[in-house]
Amino acid sequence: GQAYEAWDRELNKVYKFLMSELSDNQKTRLRNEERAWLKRKDKEMDKAAEEMAMGRDENGELVGCGTGCGHAERAMNIEMTKERTIELARMYDELHK
């Protein structure tokens, strides 16, 4: 949990720095991109958990998951948040070249 929280705080900090320097059109584009990224992240986290499960029940819920699903989901969350933070930081750096 601490690793994710640290990356999430950093992501939010970089996002705010970046938003503070963009035009209105660029802000809208970045906001939409961020929303799409959040949806992708949720899907990838679910996919990572599903790979550890035995399948899904009739309601679409994962079965036979155990702790492996949670670990896989958290690992994906950390990795994608870290990658997005670095991506936003690079965007910010590009503005200052």
Side-chain angles (χ1 to χ4, degrees):
Q2 290 177 347
Y4 167 74
E5 289 173 16
W7 278 111
D8 189 56
R9 276 192 307 274
E10 191 65 20
L11 182 142
N12 287 312
K13 184 176 10 172
V14 174
Y15 180 83
K16 287 176 186 175
F17 285 148
L18 191 54
M19 289 292 276
S20 73
E21 298 196 17
L22 297 176
S23 69
D24 288 342
N25 287 341
Q26 291 170 317
K27 286 179 185 179
T28 299
R29 194 172 331 134
L30 181 60
R31 196 174 299 116
N32 291 337
E33 185 180 304
E34 196 68 10
R35 288 176 183 150
W37 173 78
L38 286 167
K39 288 179 184 177
R40 272 194 320 276
K41 184 176 82 155
D42 286 344
K43 285 180 184 176
E44 289 299 319
M45 288 170 55
D46 188 56
K47 182 179 171 185
E50 186 173 21
E51 288 175 359
M52 297 297 292
M54 293 171 54
R56 292 189 181 268
D57 64 16
E58 62 277 356
N59 297 318
E61 299 295 321
L62 296 174
V63 293
C65 229
T67 59
C69 290
H71 290 305
E73 192 175 58
R74 280 188 296 281
M76 181 61 68
N77 192 13
I78 292 167
E79 185 60 30
M80 289 190 73
T81 302
K82 173 184 164 185
E83 288 173 3
R84 182 66 177 163
T85 302
I86 293 167
E87 182 180 353
L88 292 178
R90 286 185 178 136
M91 287 180 195
Y92 183 81
D93 288 346
E94 285 294 316
L95 292 174
H96 295 277
K97 279 191 172 182

Mind checking whether L11 and Y92 sit in one hydrophobic cluster, side chains of I, L, V, M, F, W, Y counted as touching below 4.5 Å?
yes
Partner set under salt bridge (charged side-chain N to carboxylate O under 4.0 Å, His left out) for K13, not counting sequence neighbours
E10
Side-chain heavy atoms nearer than 4.5 Å, only ILVMFWY residues, links allowed to pass through others: does that put W7 and F17 together?
no
CD1/I86 to CD/E83 distance, rounded to the nearest 0.5 angstrom?
7.5 Å
Side-chain contact, heavy-atom cut-off 4.5 Å: V14 with M91?
no
Does any part of the side chain of Y15, heavy atoms only, come nearer than 4.5 Å to the side chain of L30, both counted from C-beta?
yes
Once salt bridge (charged side-chain N to carboxylate O under 4.0 Å, His left out) is applied, do any residues pair with E33, and if so which ones, sequence neighbours excluded?
R84
Filter on salt bridge (charged side-chain N to carboxylate O under 4.0 Å, His left out), then keep only pairs touching residues 88-97, sequence neighbours left out; what's left?
E94-K97
Could I get the full list of salt bridge (charged side-chain N to carboxylate O under 4.0 Å, His left out) partners for E5, not counting sequence neighbours?
none
I'd like to check the side-chain hydrogen bond (donor to acceptor under 3.5 Å, both in side chains) partners of S20; sequence neighbours left out, ordered by chain and number.
none
Restricting to side chain to side chain contact (heavy atoms under 4.5 Å, CB included), what partner residues turn up for D57, sequence neighbours left out?
N59, E61, V63
For a quick test of your reading: what N or O donor-acceptor pairs under 3.5 Å do the side chains of residues 68-79 make, sequence neighbours left out?
| residue | atom | partner | partner atom | Å |
| --- | --- | --- | --- | --- |
| H71 | ND1 | R74 | NH2 | 3.1 |
| R74 | NH1 | G70 | O | 3.4 |
| N77 | OD1 | K41 | NZ | 2.9 |
| N77 | OD1 | T81 | OG1 | 3.4 |

Atom CZ in R29, atom CD in E34: separation rounded to 0.5 Å?
14.5 Å
With R40 via side chain to side chain contact (heavy atoms under 4.5 Å, CB included) - residues at least two apart
A36, W37
Can you sort out the partners of D46 under side-chain hydrogen bond (donor to acceptor under 3.5 Å, both in side chains), two or more places apart, ordered by chain and number?
R56
Looking at residues at least two apart in the chain, or sitting in another chain, which of them share a salt bridge (charged side-chain N to carboxylate O under 4.0 Å, His left out) with E44?
none
One should read off an interatomic distance between N12 CG and M19 CE, to the nearest 0.5 angstrom, of 12.0 Å
State whether the number of non-hydrogen atoms from other residues, nucleotides or ligands found under 6.0 Å of K47 atom NZ is greater than 12.
no
Provide the full list of disulfide (SG to SG under 2.5 Å) pairs with a residue in residues 28-63, sequence neighbours left out, each pair given once.
none
Can you pull the disulfide (SG to SG under 2.5 Å) pairs that have at least one residue in residues 29-59, sequence neighbours excluded?
none
